[in-house]
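Working notes, structure below.
One-based numbering, in listed order, for ligands and for the atoms of each. The shown structure was predicted, so the numbers you read here are calculated from the model rather than taken from an experiment.
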Amino acid sequence: MSKDHVILWFRQDLRLSDNAALTAALETGATVIPLFILDDESFGARRMGGAQRWWLHQSLTALAAQLEALGSRLILRQGVAGPILKALVEESGAKAVYWNRCYDPESIARDKAIKAGLTEAGLTASSHAGLLLMEPWELKTKGGGFFKVFSPLWRALQTSYKHKAPLPAPKSLPSLPSLKSDDLEAWALCPNNPNWAEGFGAVWEPGSEGAQTRLRQFLNEALSVYKTQRDRPDIEATSRLSPHLRFGEISPRQIWQAVQEELDTGKASQAGADKFLAEIAWREFSYHLLFHIDRLADRPLRPEFADFPWQDDPDGYEAWCKGQTGYPIVDAGMRQLWQTGWMHNRVRMIVGSFLIKDLLIPWQEGERWFWDCLVDADPANNTASWQWVAGCGADAAPYFRVFNPVLQGERYDPQGAFVRAWVPELARLPDRFIHKPWEAPDLLLREAGVTLGETYPKPLVDHGEARKRALAAFGDIKKDRAA
Ligand code: FAD
């Protein structure tokens, strides 16, 4: 086989435009071999959750079609990345492997070992930036350390980020020599029997074209109201770009550019744009923490939380997972998650607070359920956000902030439209009881077809009591620490 081959290893960057590794690989003039490895086996690798696997299947299908339209092909292989790359190098005679960097500790360790192996064998290993606006080590506090608080990181990012226009996608690609590839169907990434992802296809269009459509739609319809409406789960006021960002079907640089263009042409409000870019920066912050802090996924950043008196409550956990807690806003969110693979940010905070503070179930269990159910389950955002909700993370919500699920529902879903959409058995309740059906008079419940304890659960806990219990428990760990 010809010597002029290089491998482009796709990972969290399933796109052809603004893909620095792809551009650099093409600049060598060699034939680029596009490769994706399903690696559940490398040491420490965290197996993708079920919903992400569904997304991955669709996203790889879209990427393969784009590559074929340009004259190339996507090679699929499954197993431990190091040996797979080695085998493909031998089969193809490739002289180099290009990739865009990942920042979780397991990927870093794996990539370092692969780089060392390739270099030792006289090959080139070329890694590039593509997942973030800035590399986690480029942003530093005045003292030279990393940021543990969001606002100064955001200020630093605004000053130091030097925006460059996103890289274009190639117009054509050289055809590939004959190389074997797995059959994507044989990876069985999509569930069947039961097909719990049945509803996902109606909600999502995985792939970079879907990402661009979603971005355009958001910029046209919601960016201007983003600042004021983004907390309302009953209104489509957020971008829903999270799974596209998770799989790198769109880059934050492309988003930044698109938002600036909206501002330059006067189509976007400064307030909406600023708030939206700040949320993109929260993603940068999560990755900053993931890179700089060891074991973000399972160890509380505040050490006193390691001794927290968590409850062993399998029934409470199951009710939470199934959206059967008896608190309508919590149940609506958990069912939205199950049926679409996504949940609104405000509701993620409410259900997270409920699990941790009302039920005293460890945040790691919530994190694991989200990891399995979210199409956007992200190694940085999911873990950092769960630590934030628990109060044990960097720049976290204070432990005494215990969300009241009734007041949160009344404030952010004032007519109950979100609850009615996901908890249809309550749909006929009037607005004033939709977030607290247990306070509705019996006659009214009967008229609405609701029998508490039968058609819809009674509240799993009394929120007032649960709040006191949580504050006492959180207070105790503080005292222990002080002593
Ligand atoms: P938009 O409001 O349109 O925001 C645009 C983008 O900014 C998002 O796509 C996301 O990439 C980023 N972003 C927004 N809010 C946050 C945030 N608070 N922290 C970090 N980045 C943010 N987000 C994930 O992408 N993956 C996760 O696994 C994840 N798990 C979470 C778990 C909990 C308990 C909580 C409270 C939040 C979690 N988030 C996670 C953050 C946030 O809820 C989602 O990013 C957001 O709801 C995605 O919807 P969107 O794309 O419409 O967001």
Query raised in the report: For the residue pair Ala211 and Leu241, what are the closest heavy atoms and their distance?
Result: O-CD2, 3.6 Å
Query raised in the report: Which is closest to atom 1 (P) of ligand 1 in terms of heavy atoms, Tyr226, Phe218, Trp386, Trp282?
Result: Tyr226
Requested in this report: Run the ring-centre check on Phe418 versus Tyr412 and record whether the distance is less than 6.0 Å.
Outcome: no
Query - Heavy atom of the protein closest to atom 22 (C) of ligand 1 (residue, atom name, distance) - result: Glu279 O, 3.6 Å
Query raised in the report: Ring centroid separation for Trp154 and Phe147, is it under 6.0 angstrom?
Result: no
Query raised in the report: Taking 4.0 angstrom as the limit, do Glu465 and Arg469 come out as a salt bridge?
Result: no
Query raised in the report: Would you say Ser239 contacts ligand 1, with heavy atoms under 4.0 Å as the rule?
Result: yes
Report summary line: Within the 4.0 Å heavy-atom cut-off, what Leu245 brings close to ligand 1 is side chain
Query raised in the report: Can you name the closest pair of heavy atoms from Gln254 and Ser17 and give their distance?
Result: NE2-OG, 2.9 Å
Report summary line: Taking only non-hydrogen atoms of Arg283 and a 4.0 Å limit, the atoms of ligand 1 in range are 11 (O), 20 (C), 21 (N)
Query raised in the report: Should one rank Asn345, Leu241, Val347 by closest heavy-atom distance to atom 47 (O) of ligand 1, which comes out on top?
Result: Asn345
Query raised in the report: How about Glu425 and Asp331: do any of their side-chain heavy atoms sit closer than 4.5 Å?
Result: no
Requested in this report: Just jot down the ligand 1 atoms closer than 4.0 angstrom to any heavy atom of Trp342, in number order.
Outcome: 48 (C), 49 (O), 52 (O)
Report summary line: Under 4.0 Å from one or more heavy atoms of Ala377, ligand 1 contributes atoms 28 (O)
Query - Glu284, His344, Arg348: member with heavy atom nearest to atom 44 (C) of ligand 1 - result: Arg348
Report task. Just jot down the ligand 1 atoms closer than 4.0 angstrom to any heavy atom of Met349, in number order. Result -> 36 (C)
Query raised in the report: Does some non-hydrogen atom of Phe276 fall short of 4.0 Å from ligand 1?
Result: yes
Query - Test item, Trp388 contacting ligand 1 (heavy atom, 4.0 angstrom) - result: no
Report task. Output the list of atoms in ligand 1 that are nearer than 4.0 Å to some heavy atom of Ser242, sorted by atom number. Result -> 9 (O), 25 (O), 48 (C), 49 (O), 51 (O)
Query raised in the report: Are Arg253 and Asp18 within salt-bridge range, i.e. N to O under 4.0 Å?
Result: yes
Report summary line: Nearest heavy-atom contact between Cys102 and Gln12 is SG-OE1, 3.7 Å
Requested in this report: With Arg11 as reference, evaluate Asp39, Asp111, Asn100 under the side chain to side chain donor-acceptor pair (under 3.5 Å) test and give the passing residue.
Outcome: Asp111
Report task. Look at ligand 1 and say whether Arg246 reaches it with a heavy atom at a distance under 4.0 Å. Result -> no
Query raised in the report: Among protein heavy atoms, which sits nearest to atom 50 (P) of ligand 1, and what does the distance come to when rounded to 0.1 Å?
Result: Arg240 N, 3.4 Å
